[in-house]
Amino acid sequence: MSDTAQVSAQEGTRAVGRSALLALVGASLPMNLDPAIHNIAVVAAGNTLHMTGAERSLAASIGTLCIAASIMATGSLGDRIGRKRVMLFGLLVTLAGGLITALASNATLFVLGRALSGVGFAASFGLSFALLRAVAPEPEVLARAVAKWLALQTLGIVVLCVLGGYLAGVSWRAAYLLGPLVGVVALVWCLKVVPEAKDPAAGRLDVLGLVLVAIGLVSALYAVSNAASAGWGSAKVLVPMTVGLLGLAGFAWWEWRCERPAFPIRSFADPELLAGAVSGIGFNIGNAVVAIQLSLLWQYVYRYTPFEVSLGQLPFIAACIVAASWAGSLVARGVAMRLMIPGGLVAMAAALAAMAFAGEKTPYLVFVVPLVVAGIGMMLTQAPAANVFVAKPPPALVGAIGSSRTAFGQFGFALGLALSSSLIYGMFSPLLRQRLDHAGATPGEQAQAIGILQSYVQTGHTDRFDAKLVHEVIANGTTAYLGSYRITMLAMAGLITLIAVLSYWILARKRRAVATDAE
């Protein structure tokens, strides 16, 4: 082959690789886009379909629970019958779920649509990530491809969430169709440019293991999601948490003994994979705090509108996009995980600690630097962690281990939300009562004060109350909220720092083992 022809062939291969990478980004977007739309649209859907409180609760959480139930099964199935095939099937299921949700005439159909969407998200997102190894098989190229996948995904989420937020305000039915439509475009694109990948030696499907992990993950996530509202000592938390832990313990025992496990738990004896799992929980805890608690502070204390909150998060998102490519280049150059992952987690912890000292009139600009630091820290942690989940597994288990990254991340986000919400609201009421007691308020006046705050938070209107009383109550409520917010942010920063130390210790074991082998 002539030099010109060889260069032309290489350029064609790179073009196909870029196109396949973009197609896989598109396949990952429906799941990432869904929470931003669902959190807004489910309220209007509940009102239109006259849902009861129990139906609203189920409708809000069923999609996440179905992702947890099927994420390992779809990854394991992809290893056996084809990762591309299962990913495309997931996109079709996402379309069906979106259509049923958007056209639902009652709560039952709505919940069915959300359940199907969850299964589709698990297959399309988890296997779009696993297929990166088929698109970029060389280690250095793979590290950069993972970073680009993360960066382009974040950029796509920003653009589509703006459109999704607008649609949710106009019609909840139209909003639920945006993700599936993106999925259809991705499906057609992936059909043309993404290669198939599977391992013919993968063996039979480990049904018992998949059932046990589904029970464990669903029960544990359900328990954690109830913790903020019901309290950690409630039966709504303790019972499903016990079931979840037993299910996960049974899963671990079975996978350890199984000759062909669905999830090779022994693989996590590898320090890099274990650190990737632990850090995945850690940075998602930080992500939950930034995404939820900071947004609530801006709305409750500074009275930002939802659109202003979205704009306020842009420095964090922009830092994620820029830092992803940088972090990917560091991974490709061989910068040690023991530097990147703990460093990224410590950066996130420092950002949360800085945000903790917000006051009643803190200007927005004070938040910009911590938001940028948090975004950089998140990608310094996420890029190497994501890379090992797709680069380290043996060929027969790329789908299963790659998909498990989503499970670790979901658990971390749910845990971060539950812990931070429990701390804030657990401390807020006692702090508020303490301030009202010091002011000499009677039990009846304290109850009225709670009513004023609820009206203020939910509607922004307090016209039916005495203006002087409203001023005093809101001042006391703001002080109490800021106090509980500050302690919560510092506590979450401390937790992420502990995870950073644990990650460093895990990765240091590998360094010591390598040094011992060299001797």
Would you mind reporting whether [Y] and [X] have side-chain heavy atoms less than 4.5 Å apart?
X	Y	value
I281	F413	no
L423	M492	yes
V224	F411	yes
L58	R114	no
C66	I62	yes
T64	F121	no
R333	L330	yes
S279	L345	yes

Between L352 and the options L294, L490, V289, the side chain to side chain contact (heavy atoms under 4.5 Å, CB included) test singles out V289
Can you name the one residue among I341, I496, T381 that meets side chain to side chain contact (heavy atoms under 4.5 Å, CB included) with F283?
->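 Exactly one pass, corresponding to T381.
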Report the relative orientation of the aromatic rings in W149 and F129; use parallel for angles under 30°, tilted for 30 to 60°, perpendicular for over 60°.
->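 Tilted.
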side-chain contact (heavy atoms from CB on, under 4.5 Å) between I401 and L273, intermediate numbers included | CA-CA 9 Å; I401 293 182; L273 269 175; 4.2 Å; yes
Are R56 and N47 close enough that a side-chain donor and a side-chain acceptor fall under 3.5 Å?
->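 Yes.
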Please check this pair: side chain of [X] against backbone of [Y], looking for a donor-acceptor N/O pair closer than 3.5 Å.
X	Y	value
T52	E55	yes
S128	F125	yes
Q382	M379	no
S28	V25	yes
H38	G63	no
S76	A73	no
T74	S70	yes
E255	G250	no
R133	V390	yes

Please name the pair of heavy atoms, one in [X] and one in [Y], separated by the smallest distance, quoted to 0.1 Å.
X	Y	result
A69	A214	O-CB, 3.4 Å
Y222	K236	CE2-O, 4.3 Å
A323	G375	CB-O, 4.5 Å
S421	L417	OG-O, 2.8 Å
G179	P30	O-CG, 3.6 Å
P240	A223	CG-CB, 3.8 Å

Evaluate the side-chain contact (heavy atoms from CB on, under 4.5 Å) criterion for residues Y364 and L371: first the C-alpha distance (whole Å), next the side-chain angles of each, then the deciding distance (0.1 Å), finally the verdict.
-> CA-CA 11 Å; Y364 168 74; L371 283 168; 4.3 Å; yes
Please test I376 against V372 for side-chain contact (heavy atoms from CB on, under 4.5 Å), starting from the C-alpha separation and ending with a verdict.
-> CA-CA 6 Å; I376 293 172; V372 170; 3.9 Å; yes
Would you compute the distance between atom [atom1] of [X] and atom [atom2] of [Y] and round it to the nearest 0.5 angstrom?
X	Y	atom1	atom2	answer
M31	I157	CE	CD1	9.0 Å
L150	I321	CG	CD1	11.5 Å
T497	M348	OG1	CE	11.0 Å
T406	F389	OG1	CZ	9.5 Å
L297	Y481	CG	OH	6.0 Å
K392	S267	NZ	OG	10.0 Å

Which side chain to side chain donor-acceptor pair (under 3.5 Å) pairs, counting each pair once, include a residue from residues 320-331, with sequence neighbours left out?
->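 Matches after skipping sequence neighbours: none remain.
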Please collect all side chain to side chain donor-acceptor pair (under 3.5 Å) contacts where either partner lies in residues 407-420, sequence neighbours excluded, each pair once.
->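 Passing the test, one end in residues 407-420: Q293-S420.
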Taking the six-membered ring for Trp, is the centroid-to-centroid distance between W256 and F268 below 6.0 Å?
->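 No, they do not, as the ring centres are separated by 6.0 Å or more.
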May I ask you to check whether F110 and Y176 place their ring centres under 6.0 Å from each other?
->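 Close enough - the centres of the two rings lie under 6.0 Å apart.
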Would W253 and L212 count as a side-chain contact (heavy atoms from CB on, under 4.5 Å) if you check the C-alpha gap in whole Å, the side-chain angles of each, and the deciding distance to 0.1 Å?
-> CA-CA 10 Å; W253 175 83; L212 288 171; over 6 Å; no
Sorted by chain and residue number, the side-chain hydrogen bond (donor to acceptor under 3.5 Å, both in side chains) partners of W172 (sequence neighbours excluded) come out as T48
